[in-house]
There are 2 protein chains.
Amino acid sequence: MTPDAAGRDPSSFAGPAEPGPRGRDGGGARRTTQRAAVLAALHDADGFRTAQELHDVLRAAGERVGLTTVYRSLQLLSDTGEVDVLLNDAGEAMYRRCERRGHHHHLVCRSCKKSVEIESGEVERWTERAAGEHGFSAVTHTMEVFGLCTTCSPA
Amino acid sequence: MTPDAAGRDPSSFAGPAEPGPRGRDGGGARRTTQRAAVLAALHDADGFRTAQELHDVLRAAGERVGLTTVYRSLQLLSDTGEVDVLLNDAGEAMYRRCERRGHHHHLVCRSCKKSVEIESGEVERWTERAAGEHGFSAVTHTMEVFGLCTTCSPA
DNA sequence: CATGAAGTTGACAATCATTTTCGATAAGGG
DNA sequence: CCCTTATCGAAAATGATTGTCAACTTCATG
């Protein structure tokens with residue numbers, strides 16, 4: 001059985017392991033247990049999770065974290081690009097810690113939310129071309145692919 | 001100057017023009033002025049609009065429609081596929097009356113929300129393939145392209 | 001190790017889009 | 001013209017996310 005969130009090793013995130021420049025921005029971003037916990041919970045999941053789900057997991061694991069803080073931490077993390085955000089059908093924000101830092105897309109399981117990072121120069125190029133043909137500039141795009149992963153697939 | 005919503009010809013939507021089978025589903029969907037007004041307002045716009053924006057336009061045009069009804073009408077219209085929905089960055093639903101009935105994507109102006117319908121077998125195929133490579137089935141996807149249209153583009 | 005300034009936290013209130021409620025109203029077949 | 005029933009809409013409810021603000025950490029420094 002996989003250990004639940006309570007059993008994870010916090011050192012990989014919370015500990016003062018990395019001696020690098022403290023904080024993320026010029027000012028002083030502090031290293032707090034709450035922030036580390038959110039990041040850790042996110043790390044334990046291999047799929048997208050909502051702020052509330054993460055909060056539930058943390059509380060269930062005995063962490064003392066407020067929902068407000070979870071939202072703030074996620075906001076912070078997504079601002080710095082450390083986690084990716086996407087809106088589900090219900091319009092709720094879902095977060096995920098991604099390996100890839102640059103632009104990429106996701107293949108998300110509709111059932112368990114597990115996801116795989118995918119890249120596509122093909123799509124990027126098509127997008128640019130299509131936009132150009134219609135005179136649009138400063139083009140950006142969003143694209144997410146949903147399906148059922150092998151585990152959640154029937155049969 | 002383009003006539004505002006108040007000046008549109010209602011006959012094209014509200015009038016008993018089409019003698020075809022009444023309503024949309026087997027039961028009894030009635031033809032009401034409010035529903036027609038929402039559809040008409042949507043028709044006047046060549047871009048995506050939020051429910052509230054449509055409501056404002058209708059009220060400004062002197063129509064007597066409640067916000068609730070606008071929401072309900074849009075829900076109805078999107079259920080039957082008569083209008084397309086997409087969530088903006090803020091997570092708000094935006095609606096648009098599209099020419100194309102089948103699956104397609106949009107090129108949306110970030111500034112004025114004007115949009116163009118685009119199709120891409122290329123993207124469809126790429127999506128299927130990428131999903132297949134990772135064992136995902138029952139694949140669907142969302143994709144929207146944003147940019148600045150010629151009118152809103154600087155220079 | 002003590003200290004203080006500044007970043008953080010979290011319970012709770014406030015937003016805000018969207019939905020639900022439910023009595024009043026209108027559509028349209030008979 | 002009437003009656004059944006879909007529909008309307010004002011107001012209350014919902015639910016995710018954000019703002020408030022006093023109490024609390026973190027951590028560079030003395």
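In what follows, chains carry the letters A, B, and so on, assigned in the order in which the sequence lines appear, proteins first and then strands, with residues in each chain numbered from 1. Atom set for the values below is all heavy atoms of this structure, side chains included, hydrogens, waters and symmetry mates excluded.
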Counting side-chain heavy atoms from C-beta on, which of dA17(C), dG9(D), dA6(D) comes nearest to T69(B)?
-> dG9(D)
Using whole Å, report how far CG of L54(B) lies from C1' of dA17(C).
-> 14 Å
Does R96(B) pair with E117(B) as a salt bridge, N-O distance under 4.0 Å?
-> yes
Test for a donor-acceptor pair under 3.5 Å between the base of dT5(D) and the side chain of R30(B), counting only N and O atoms.
-> yes
Side chain of R72(A), base of dG19(D): donor and acceptor closer than 3.5 Å?
-> no
Can you check the L86(B) CG to dA17(C) P distance for me, whole Å?
-> 17 Å
Whole angstrom is fine here: how far is it from CZ in R31(B) over to C1' in dT7(D)?
-> 15 Å
Of the nucleotides dG9(D), dG28(C), dT9(C), which one has an atom closest to the side chain of Q34(B)?
-> dG9(D)
Mind telling me whether F48(B) and H106(B) have parallel, tilted or perpendicular rings, with 30° and 60° as the class edges?
-> perpendicular
Please state how far atom CD in Q52(A) lies from atom P in dT18(D), giving the value in whole angstrom units.
-> 11 Å
Roughly how many Å is it from OH in Y71(B) to P in dA17(C), rounded to a whole number?
-> 7 Å
Give the nucleotide from the list dG19(D), dT8(C), dG9(D) with an atom nearest to the side chain of A29(A).
-> dT8(C)
Could you please name the option among dA10(D), dT9(C), dC8(D) that lies closest to any side-chain atom of T68(B)?
-> dA10(D)
Across the strands shown, which category fits R64(A) at heavy-atom distances under 4.0 angstrom: base, sugar-phosphate, nothing?
-> sugar-phosphate
H55(A) NE2 - dA16(D) P separation (whole Å) = 13 Å
Using atom CD of E53(B) as one end and atom P of dC16(C) as the other, report the distance to the nearest whole Å.
-> 15 Å
Could you state the CD-C1' distance from E92(B) to dT18(C), rounded to the nearest angstrom?
-> 11 Å
Picking from dT17(D), dA17(C), dG9(D), which would you name as closest to the side chain of L67(A)?
-> dT17(D)
With sugar-phosphate meaning primed atoms plus P, OP1 and OP2, does A90(B) contact a base, only sugar-phosphate, or nothing at under 4.0 Å between heavy atoms?
-> nothing
